[in-house]
Amino acid sequence: MATFARVVELGAFSRAAKALGLTTSSVSQHVRALELSLQATLLNRSTRKLSLTEAGTLFYKHCSHIVMAASEAEQSIAVLNNEMVGELRIAVSSFMSTQYLIPALRDFIRHNPRIKLRFEVADNNIDLIDQRIDLALRAGRNRQPGDIFLTHFSDVLCAAPSYLESRPPIHSPVDLLHHDFLLFNPHGEPCFLEFSNEASGTVRVRLQARISANHARSLRFLAVDGHGIVRLLENKADDDLKAGRLKRVLPEWSLGGFDVYVTVRHRDNMPAKVRQCLEHIQHYFDSSLLLSEEASAPS
């Protein structure tokens with residue numbers, strides 16, 4: 001229908017073909033297929049010129065409206081892609097939402113009143129396509145090609161002093177096999193922890209969880225209450241470690257930590273609102289990292 005409308009507007013198959021980036025024969029075939037579908041002749045063809053039949057005149061009026069509506073639809077998408085309007089959906093874990101994402105987006109929210117934000121807060125990885133998520137702020141070890149790295153978090157094993165005092169001592173990673181483990185496991189998969197240190201190299205241990213959850217904060221409370229050993233991000237365990245509510249387990253061994261990164265749904269043709277939101281998040285983490293380095297530098 002769009003091809004037919006272009007032929008009518010330009011008055012020749014060849015000119016329509018050039019405008020549409022098609023061959024003349026292809027344009028002619030499109031129009032002929034349309035006539036066969038409608039069982040009506042739309043154009044009177046001669047060696048000199050084309051003219052509309054009565055059916056063609058009537059049909060062209062409707063085609064021109066459809067082409068105009070399609071053009072307006074394309075323009076509206078272009079506006080949505082290039083202007084700071086519409087809905088923006090962000091997935092984030094519970095602790096990263098309040099501690100990192102919201103502080104990162106303070107200025108973005110303040111300066112873009114036409115954007116409607118929706119936060120999907122969950123401690124398991126939400127499917128971006130199914131939930132129509134534009135970007136997700138994540139911490140994990142499964143960063144994929146195309147994900148945007150932000151920073152790295154160290155992690156620790158810890159447990160309440162009351163738990164450690166009542167159970168066999170832990171001198172090496174294999175000793176964990178005889179202990180209760182509190183596991184963050186949103187997908188119910190087997191848990192392998194890989195430990196390393198300079199003296200012993202690398203040790204990989206498969207652990208069975210006594211308690212598992214898809215919510216890291218719940219596991220921290222269970223650990224403080226003396227129910228087992230938990231793996232936590234170091235910055236989330238820091239207050240409990242300093243207060244003595246938790247004690248580090250195997251402090252001489254390293255677990256490797258987690259990457260913090262952003263996953264985006266629109267890797268190509270990223271809308272302006274997603275791009276600017278991402279830039280605010282990157283700037284926040286870059287600034288936080290710089291402040292951390294300055295604070296740790298010798299005076």
Side-chain angles (χ1 to χ4, degrees), residues 1-91 105 108-120 126-136 145-148 262-281:
M1 293 171 72
T3 301
F4 167 69
R6 203 71 175 130
V7 169
V8 174
E9 290 162 2
L10 296 177
F13 287 108
S14 58
R15 287 195 287 270
K18 185 176 180 180
L20 295 169
L22 302 172
T23 64
T24 301
S25 61
S26 177
V27 170
S28 179
Q29 289 170 11
H30 279 236
V31 174
R32 182 59 183 155
L34 186 60
E35 289 178 322
L36 290 172
S37 175
L38 296 170
Q39 297 184 346
T41 300
L42 302 175
L43 292 169
N44 293 314
R45 299 158 174 84
S46 71
T47 55
R48 287 187 173 185
K49 64 177 183 178
L50 298 175
S51 61
L52 286 168
T53 64
E54 182 180 5
T57 301
L58 179 63
F59 193 67
Y60 170 70
K61 290 180 181 179
H62 294 286
C63 287
S64 62
H65 290 313
I66 290 172
V67 171
M68 185 179 296
S71 177
E72 291 174 353
E74 288 181 348
Q75 291 173 17
S76 69
I77 296 300
V79 168
L80 189 63
N81 284 339
N82 295 308
E83 292 190 8
M84 303 300 289
V85 297
E87 185 180 50
L88 183 61
R89 300 168 70 95
I90 304 173
L105 295 184
F108 179 83
I109 295 169
R110 186 177 295 115
H111 296 143
N112 295 286
R114 297 171 65 195
I115 289 181
K116 298 171 66 176
L117 280 167
R118 178 170 179 83
F119 297 121
E120 293 290 345
I126 294 175
D127 187 279
L128 271 63
I129 302 299
D130 288 347
Q131 300 297 321
R132 297 187 297 111
I133 301 297
D134 293 295
L135 61 86
D147 290 338
I148 299 148
V262 170
T263 301
V264 294
R265 179 159 58 99
H266 307 278
R267 292 181 181 176
D268 299 317
N269 301 318
M270 191 182 296
K273 60 189 176 185
V274 177
R275 185 173 61 254
Q276 289 199 28
C277 179
L278 174 59
E279 289 172 358
H280 277 76
I281 294 172

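Worth saying up front: this structure is predicted, and the values here are computed from it rather than measured. Any value given below was found using the heavy atoms of this structure, including those in side chains, with hydrogens, waters and symmetry copies removed. By convention here, the first residue in the shown sequence is residue 1.
Atom CZ in R265 sits 10.0 Å away from atom CG in D127 (nearest 0.5 Å). How far NE2 of H280 is from CG of N112: 7.0 Å, rounded to the nearest 0.5 Å. With rounding to the nearest 0.5 angstrom, the CG atom of D147 is 11.5 Å from the CG atom of L135. Interatomic distance, SG of C63 versus CG of L58, reported as 10.0 Å (0.5 Å rounding). Once rounded to the nearest 0.5 Å, the distance linking NZ of K18 with CG of L10 reads 11.0 Å. Rounded to the nearest 0.5 angstrom, I126 CD1 and E120 CD are separated by 5.0 Å.
When all heavy atoms of C277 and L105 are compared, the closest pair comes out as SG-CD2, 3.7 Å. Nearest heavy-atom pair across L50 and A12 is CD1-CA, 4.0 Å. Nearest heavy atoms, L128 versus A136: CD1-CB, 4.1 Å. Among all heavy-atom pairs drawn from I133 and A91, the shortest one is CG2-N, 3.7 Å.
No side-chain heavy atom of N44 sits under 4.5 Å from any side-chain heavy atom of L52. Looking only at side-chain heavy atoms (C-beta outward), I281 and F108 stay at 4.5 Å or farther from each other.
A salt bridge is defined here as a Lys NZ or Arg NE, NH1 or NH2 lying under 4.0 Å from an Asp or Glu carboxylate O, and D134 with R89 fails to meet this definition. Between E87 and R118 there is no salt bridge, since no side-chain nitrogen of the basic residue lies less than 4.0 Å from a carboxylate oxygen of the acidic one.
The backbone N or O of T41 sits less than 3.5 Å from a side-chain atom of T53, completing a donor-acceptor pair. One N or O on the side chain of S64 and one on the backbone of Y60 form a donor-acceptor pair closer than 3.5 Å.
Under the salt bridge (Lys or Arg N to Asp or Glu O under 4.0 Å) criterion, the residue pairs touching residues 24-44 are R32-E35, E35-R45, with sequence neighbours excluded.
For R6, the CZ atom sits in a loose shell: 12 or fewer heavy atoms of surrounding residues, nucleotides or ligands are nearer than 6.0 Å.
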